[in-house]
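This report concerns only the one structure given below.
Just follow the structure's listing: the first ligand is 1, and inside any ligand the first atom is 1. The analysis underlying the following values was restricted to heavy atoms, covering all of them including side chains, and did not include hydrogens, waters or symmetry mates.
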Amino acid sequence: MAEKVKKIGVLTSGGDGPGMNAAIRSATRFGLHYGVEMVGVMRGYQGILDEDFVPLNHRSVSNTINRGGTILKTARSKEFATDEGKKKAAEILHRYGIDSLIVIGGDGSYQGAKRLYELHGIPTIGLPGTIDNDINGTDQTIGCATAINTALESIDKIRDTAQSMERIFVVEVMGNKSGYIAMEVAIAAGAEDVIIPERPFDYDAMHKEILKGNSKGKISYIIIVAEGSGMASVISENITRQTGLETRYVVLGHVQRGGVPSGPDRILGTRLGASAVELLLNGVYGKAVGVLEDEINVIDLKDASRRTHNMEERYKLLKILT
Ligand code: F6P
């Protein structure tokens with residue numbers, strides 16, 4: 001029988017996302033409720049190697065549910081990525097009596113959690129914390145809903161100037177290799193087109209469409225591009241070259257990662273933080289927890305790889321509604 005978990009470490013790793021604090025808060029208070037000692041690891045996996053641990057009590061997570069970013073800070077650790085780094089991390093965790101770990105992060109962070117469990121027997125649970133919504137086993141990742149709303153706020157403003165000055169705008173959004181944010185934002189902003197890694201894009205057809213629209217008096221366009229599909233600057237230059245029409249580009253960048261977490265992100269983080277503790281207390285390790293069809297869903301970390309979304313239905317919808 002698995003030994004009872006007594007001291008749980010919590011870390012956030014990779015890109016931060018709004019709602020991570022809700023997960024930290026929930027895991028902390030849920031663990032304390034069940035008599036478990038809770039420890040925060042600063043700056044992701046690097047914090048294990050630096051032995052940078054902070055005790056987490058009820059008060060240390062007060063007033064955090066509404067805050068963006070992560071109170072534990074985050075990083076991408078090159079040292080931890082090596083086999084040696086993971087071995088050292090496992091030794092440090094043993095030395096500090098941290099007998100299990102909750103890892104809040106994306107695909108790369110999950111890999112670390114999986115290896116710590118497989119190679120060194122550290123009980124780990126992964127929580128999907130990334131704005132990209134690109135992880136298996138969950139409908140949404142923590143931070144994505146807020147990032148979409150944040151991007152929309154900016155795009156709505158861009159629309160005002162695009163219409164007033166009769167210009168074409170290419171807006172680049174985040175998402176790493178995923179076009180999820182781009183597609184959702186394009187639909188919700190009423191954009192004219194979207195360029196995403198999940199589907200081939202016919203640039204010639206877009207240029208022709210712009211020219212055809214232009215000949216009928218349609219002058220302003222908003223085209224969303226996922227960062228994984230190319231640079232807005234290049235796409236915008238090409239549009240001008242091919243159509244002769246004035247084009248501007250905007251890269252929304254890290255703005256999308258910040259801000260007050262939306263209700264859905266707070267709730268998702270809260271449910272998943274508690275679930276992670278519950279799984280560890282029940283001796284369930286090496287898993288990723290998400291919410292699928294409104295229910296808590298637990299899968300092996302080894303199956304929680306990068307997810308791609310079927311975008312055809314959404315693209316068709318976008319183009320018909322344009
Ligand atoms: O994974 C989250 C994310 O914001 C991606 O959308 C983006 O590609 C990446 O992180 C940016 O990373 P960094 O903050 O290191 O520039």
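Screening Asn136, Asp134, Asp107 for a side-chain hydrogen bond (donor to acceptor under 3.5 Å, both in side chains) with Ser305, the sole residue that qualifies is Asn136. Applying the salt bridge (Lys or Arg N to Asp or Glu O under 4.0 Å) test between Arg43 and each of Asp52, Asp50, Asp16 identifies Asp52 as the sole match.
Contact between Val289 and Leu127 at its shortest, heavy atoms only, is CG1-CD1, 3.6 Å. Minimum heavy-atom separation, Thr270 to Ser26: O-OG, 2.6 Å.
Panel note: side chain Asn214, backbone Ile210; no donor-acceptor pair is recorded below 3.5 Å.
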**Request:** May I have the step-by-step check of salt bridge (Lys or Arg N to Asp or Glu O under 4.0 Å) for Glu118 and Arg115, ending in yes or no?
**Result:** CA-CA 5 Å; Glu118 282 174 359; Arg115 301 295 281 168; 3.7 Å; yes
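Every protein residue with a heavy atom nearer than 4.0 Å to ligand 1 is included here: Arg76, Thr130, Ile131, Asp132, Met174, Gly175, Asn176, Glu227, His254, Arg257.
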